[in-house]
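All of these numbers come straight from a predicted model, not from anything done at the bench. So that the names make sense, note that chain A is the first sequence line, chain B the second, and so on, each numbered from 1.
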Number of protein chains: 2
Amino acid sequence: MREGPDIARIASLVGDPARANMLNALMGGTALTASELALEAGVSLPTASSHLSKLMEGGLLTLASQGRHRYYGLAGPQVAGMIEAITGVAEAVGPKRVRPGPRDGAMRVARVCYDHLAGEQAVAMLDRLVEKEILLRDDKEIRLGPSAAPHFAAIGIDLDAKPRRPVCRACLDWSVRRSHLAGTLGAAILDKILAEKWARREKDSRAVIFSPPGKQAFERVFLG
Amino acid sequence: MREGPDIARIASLVGDPARANMLNALMGGTALTASELALEAGVSLPTASSHLSKLMEGGLLTLASQGRHRYYGLAGPQVAGMIEAITGVAEAVGPKRVRPGPRDGAMRVARVCYDHLAGEQAVAMLDRLVEKEILLRDDKEIRLGPSAAPHFAAIGIDLDAKPRRPVCRACLDWSVRRSHLAGTLGAAILDKILAEKWARREKDSRAVIFSPPGKQAFERVFLG
DNA sequence: AGAATGCTTCGATGAGGAACGAACTATGCG
DNA sequence: CGCATAGTTCGTTCCTCATCGAAGCATTCT
């Protein structure tokens with residue numbers, strides 16, 4: 001019985017289904033609030049809170065308090081790498097799905113990441129907005145371009161009427177490995193997509209399904 | 001509550017102290033019997049047996065029956081990589097020892113990861129092999145370059161005489177946070193290092209200690 | 001200030017699972 | 001054959017820990 005780093009302690013933190021679901025959700029790269037993580041894990045808020053404090057104590061999470069919101073995020077790339085490694089083993093060992101189910105395909109195309117759109121559609125949209133210089137990206141930051149306010153106003157999105165959360169944020173997309181648009185603007189765009197009924201959210205999933213006319217409309221407005 | 005690979009199941013297998021000790025012991029690369037693992041984990045034989053069947057069922061171990069002995073070993077490099085990743089997080093998160101003891105120093109330089117070499121030496125070796133284009137790395141995959149076969153043949157490593165395990169694999173090194181070489185090639189190189197007596201294995205540890213002339217020889221062959 | 005929201009703590013309940021001793025199976029040795 | 005060694009299975013005991021409802025803080029909105 002040798003003494004080493006307490007690997008069992010770390011592994012058992014990930015070994016609870018509720019906590020595993022939370023960590024999995026955080027693999028998207030965005031920090032999430034306790035209630036979102038509770039929903040994600042399928043447990044009540046008190047239970048989630050208990051799990052979160054354990055994960056914090058275990059050093060797997062970081063906490064950013066913003067007013068009455070508390071955003072939990074993965075503690076770092078090393079933790080993310082560990083989750084990825086465990087996921088890899090679980091996939092290799094688990095029932096080998098011959099075909100990646102349709103839900104997985106839909107998730108890759110478009111899904112909800114916290115409160116904004118993620119997936120191939122979202123990455124394409126950000127690319128196009130930057131290309132048209134409506135948004136400007138320096139390094140890893142995204143800022144509004146001069147034509148941003150009128151452009152979004154024309155679509156029905158008012159950039160000024162937003163709370164103090166950052167308007168633009170880059171959020172790393174796990175399926176495409178590139179950034180998509182987060183922040184209040186990202187959230188407002190997702191709101192519009194759902195309000196216009198261009199797409200609907202799959203029940204009990206983060207997948208977002210565009211209707212054929214909805215997809216056309218979306219592409220006309222944001223990719224045109 | 002999404003459905004994915006059952007990461008909690010795998011993690012909880014590692015999350016029990018007794019099982020974690022067993023897996024840790026198997027990271028040495030040699031297969032061990034149930035009684036040895038019981039001793040290693042500090043539990044009774046029946047308890048160990050129960051744990052071992054769970055690990056088997058979870059697909060983390062392989063079993064080789066030889067007469068009345070049953071040798072348990074890690075199921076593959078992927079599992080070893082996962083254990084390393086978890087160990088890395090545990091070390092990073094655990095009580096930060098101000099001074100990394102001498103054994104830790106040796107571990108950082110060179111150690112056994114399942115059946116191949118890890119640590120700074122191993123990372124440097126992979127870097128050099130890629131630099132010389134003997135190996136090619138695309139994204140996260142490593143493949144043999146055109147000159148690989150003759151190069152390794154000259155050293156006495158036959159790349160064709162290998163089973164169906166992948167020849168090259170990247171394995172994330174927790175101490176350096178970069179990849180080293182796993183797969184059958186990684187295993188063959190470790191074999192050679194030990195066979196040539198360039199280095200010896202520390203008793204009851206995964207540390208690998210190079211002798212001064214052995215280190216020179218290793219660097220001439222693999223870093224030259 | 002008061003109300004509403006987001007989150008944590010407390011307390012009670014319950015289920016899963018880790019542990020071991022004893023009994024059982026299998027292989028090897030004289 | 002019997003005896004010893006290696007390992008698994010069974011049954012029981014026990015304890016941890018996940019879970020939730022209710023109540024308690026904290027922060028923001030009106």
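Across dT8(D), dC20(D), dA18(C), the shortest atom-to-atom separation from the side chain of Tyr72(B) is found for dT8(D). Of the candidates dT8(D), dA18(D), dA19(C), the closest approach to any side-chain atom of Ala18(B) belongs to dA19(C). Nearest nucleotide to the Ser35(A) side chain, out of dG6(C), dC20(D), dG7(D): dG6(C). Residue Ala34(A) places its side chain closer to dT8(C) than to any other of dA19(C), dA6(D), dT8(C). Of all nucleotides listed (dA19(C), dC7(C), dC20(D)), dC7(C) comes nearest to the side chain of Arg70(A).
Contact annotation: Arg19(B) reaches the phosphate of dA18(C) (side-chain N/O to OP1 or OP2, under 4.0 Å). The phosphate of dC17(D) has neither OP1 nor OP2 within less than 4.0 Å of any side-chain N or O from His51(A). Within the structure, a side-chain polar atom (N or O) of Ser49(A) is placed less than 4.0 Å from OP1 or OP2 of dT8(C). For dC20(D), the OP1/OP2 oxygens have a side-chain nitrogen or oxygen of Ser44(A) closer than 4.0 Å. Lys54(B) has a side-chain polar atom (N or O) that falls below the 4.0 Å cut-off from OP1 or OP2 of dA18(C).
A straight line from CD of Glu36(B) to C1' of dT5(D) spans 14 Å, rounded to a whole angstrom. Atoms CG (Leu39(B)) and C1' (dT5(D)) sit 16 Å apart, rounded to a whole Å. What separates CG of Leu13(B) from P of dA18(C) is a distance of 9 Å, to the nearest Å. We find that CG of Asp16(A) is positioned 11 Å from P of dC17(D), with the value rounded to whole Å. When the P atom of dT8(D) is taken as reference, atom CE of Met56(B) falls 10 Å away, rounded to whole Å. In this structure, CG of Leu37(B) is placed 15 Å from C1' of dT8(D), rounded to the nearest angstrom. Rounded to whole angstrom, the span from the CG atom of Leu61(B) across to the P atom of dG7(D) amounts to 14 Å. Put simply, CD on Glu57(A) is 11 Å from P on dT9(C), counting in whole angstrom units.
Annotation: of the two residues near DNA chain D, Leu45(B) and Leu45(A), the 5′-most nearest-nucleotide partner is Leu45(B).
Taking NE2 from His51(B) and CG from Asn21(B), the interatomic distance works out to 10.0 Å, rounded to the nearest 0.5 Å.
Ion pair Glu84(B)/Arg206(B) flagged as a salt bridge, since at least one NZ, NE, NH1 or NH2 atom sits closer than 4.0 Å to an Asp/Glu carboxylate oxygen.
Remark: the Thr47(B) side chain and the Ser44(B) side chain contain an N/O donor-acceptor pair separated by less than 3.5 Å.
Taking the six-membered ring where tryptophan is involved, the planes of Trp198(A) and Phe222(A) are perpendicular, since the angle between them exceeds 60° and thus also 30°.
Among the heavy atoms of the strands lying under 4.0 Å from Thr33(B) are primed sugar atoms or P, OP1, OP2 only; no base atom is included.
Heavy-atom contacts from other residues, nucleotides or ligands closer than 6.0 Å to NZ of Lys215(A) number 12 or fewer.
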